[in-house]
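One structure below.
Both backbone and side-chain heavy atoms feed into the values below; hydrogens, waters and symmetry mates do not. Residue numbers start at 1 and run along the sequence shown.
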Amino acid sequence: MRYDLVIFDNDGVLVDSEPISNRLLAAYLTELGHPTSYEGAIRDYMGSAMHRIHDLVLERTGQRLPDDFDDVFHARVFAAFERELQPVAGVSGVLEKLAADGVPYCVGSSGSHARIRVGHRTTGLDRWFAEERIFSSEDVGRGKPAPDLFLYAAERMGVAPERCLVVEDSPLGVQAAVAAGMTVYGFTAMTPAAKLTGADQLFVTMGELADLLV
């Protein structure tokens, strides 16, 4: 194994949550008077921390989102997760391989700790991720594309950035990993490869990722 730590993004990489959350985000923003399509939500917000949604809406419209926006949105997302959420196909096999090979791994997600835990519990991935393996944008001052989250995860796991591999599916996440001085593999199941051109390697299925982790 060429890396001492594998850092996984969560939404879209471990749990197949992006279609659910972006559908709900588009609907909620539209409901609040900011017409947004599903495709627009993916283009503009996929991989973002919540503060970036607030910032972009304010920048574009001059209007602030309601104070309870995050709470209402998360309540809708968590309810949908309980009904619909599945793990990304093949990701359990990747985690099994890393565990068998004794390679440390963790999560570095723009989502909140609560969102990560709900997703993992619903999909059964909680068996792979103890609390000390979970890092959220809540833990740092700036979310992706800033490198802060990935650097924080590496520091907490005791691994130098240049010895880390990040697995990401969003342009913001790839930018953050590059800025952190880490190798990054881009998952193109939902994101066009052209949008992840900063990645060191691209892959389409988790089976391909397992083959790359040798």
Side-chain angles (χ1 to χ4, degrees), residues 1-19 21 42 46-48 85-111 116 119-120 123-130 132-137 143-214:
M1 182 68 186
R2 291 168 287 170
Y3 309 102
D4 296 333
L5 176 66
V6 179
I7 305 175
F8 290 95
D9 175 44
N10 188 59
D11 293 292
V13 172
L14 296 176
V15 296
D16 194 16
S17 55
E18 294 291 9
S21 58
I42 289 177
M46 182 171 160
S48 298
L85 190 63
Q86 298 293 323
V88 168
V91 77
S92 292
V94 174
L95 296 170
E96 288 172 2
K97 175 179 175 57
L98 291 174
D101 292 346
V103 178
Y105 61 88
C106 66
V107 174
S109 173
S110 292
I116 297 166
H120 287 189
T123 59
L125 292 180
D126 53 346
R127 66 185 288 250
W128 298 106
F129 292 96
E132 61 268 19
R133 292 180 184 265
I134 297 175
F135 305 99
S136 160
S137 61
K144 304 168 188 176
D148 304 34
L149 174 58
F150 290 142
L151 292 173
Y152 176 74
E155 179 183 9
R156 289 290 300 274
M157 296 293 290
V159 178
E162 63 270 18
R163 298 295 303 160
C164 295
L165 168 67
V166 175
V167 182
E168 265 288 354
D169 72 329
S170 75
L172 294 177
V174 169
Q175 291 173 44
V178 171
M182 299 176 180
T183 301
V184 55
Y185 288 179
F187 183 34
T188 62
M190 273 194 64
T191 307
K195 291 182 177 286
L196 301 179
T197 52
D200 297 278
Q201 180 78 46
L202 299 176
F203 66 98
V204 183
T205 69
M206 286 295 162
E208 290 180 47
L209 177 61
D211 292 338
L212 290 169
L213 295 177
V214 295

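The backbone N or O of V167 lies less than 3.5 Å from no partner atom in the side chain of D9, so there is not a single donor-acceptor pair. In terms of modelled atom types and a separation under 3.5 Å, the side chain of T191 and the main chain of S170 share no donor-acceptor contact.
To the nearest 0.5 Å, atom CZ of residue R2 and atom CZ of residue R163 are 10.0 Å apart. If you take CE on M206 and CG on D211, they are separated by 12.5 Å, rounding to the nearest 0.5 Å. Remark: I42 CD1 to K195 NZ distance equals 10.5 Å, nearest 0.5 Å. The structure places CG of L5 at 9.0 Å from CZ of R133, a figure rounded to the nearest 0.5 Å.
The minimum heavy-atom distance linking V174 with A199 is given by the pair CG1-N, 3.7 Å. Across V159 and C164, no two heavy atoms sit closer than the pair CG1-SG, 3.7 Å. Minimum heavy-atom separation, A176 to A146: CB-O, 3.4 Å. The two residues C106 and M157 make their nearest non-hydrogen contact at SG-CG, 4.1 Å. For the residue pair S92 and L125, the shortest heavy atom distance occurs at OG-CD2, 3.9 Å. For the residue pair V184 and G198, the shortest heavy atom distance occurs at CG1-O, 4.1 Å.
You'll find the side chain of D101 stays beyond 4.5 Å of the side chain of L213, heavy atoms only. Looking at H120 and V15, their side chains come closer than 4.5 Å, going by heavy atoms from C-beta outward. Two residues are said to be in side-chain contact when any heavy atoms from C-beta on lie closer than 4.5 Å; I116 and S136 meet this criterion. Put simply, the side chain of L165 reaches to within 4.5 Å of the side chain of Y185, judged on heavy atoms. Side-chain contact between V94 and V6 is absent, with no heavy-atom pair separated by less than 4.5 Å. Taking the side chain as every heavy atom from C-beta outward, P19 and M190 approach each other to under 4.5 Å. The side-chain heavy atoms of K144 and L149, taken from C-beta on, include a pair separated by under 4.5 Å. Side-chain contact between L95 and F8 is present, with heavy atoms from C-beta onward closer than 4.5 Å.
The ring of F129 has its center closer than 6.0 angstrom to the ring center of Y105.
For E155, the CD atom sits in a loose shell: 12 or fewer heavy atoms of surrounding residues, nucleotides or ligands are nearer than 6.0 Å.
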Could you give me the CA-CA distance, side-chain angles and deciding distance for E18 and D169, then say whether side chain to side chain contact (heavy atoms under 4.5 Å, CB included) is met?
-> CA-CA 10 Å; E18 294 291 9; D169 72 329; 4.1 Å; yes
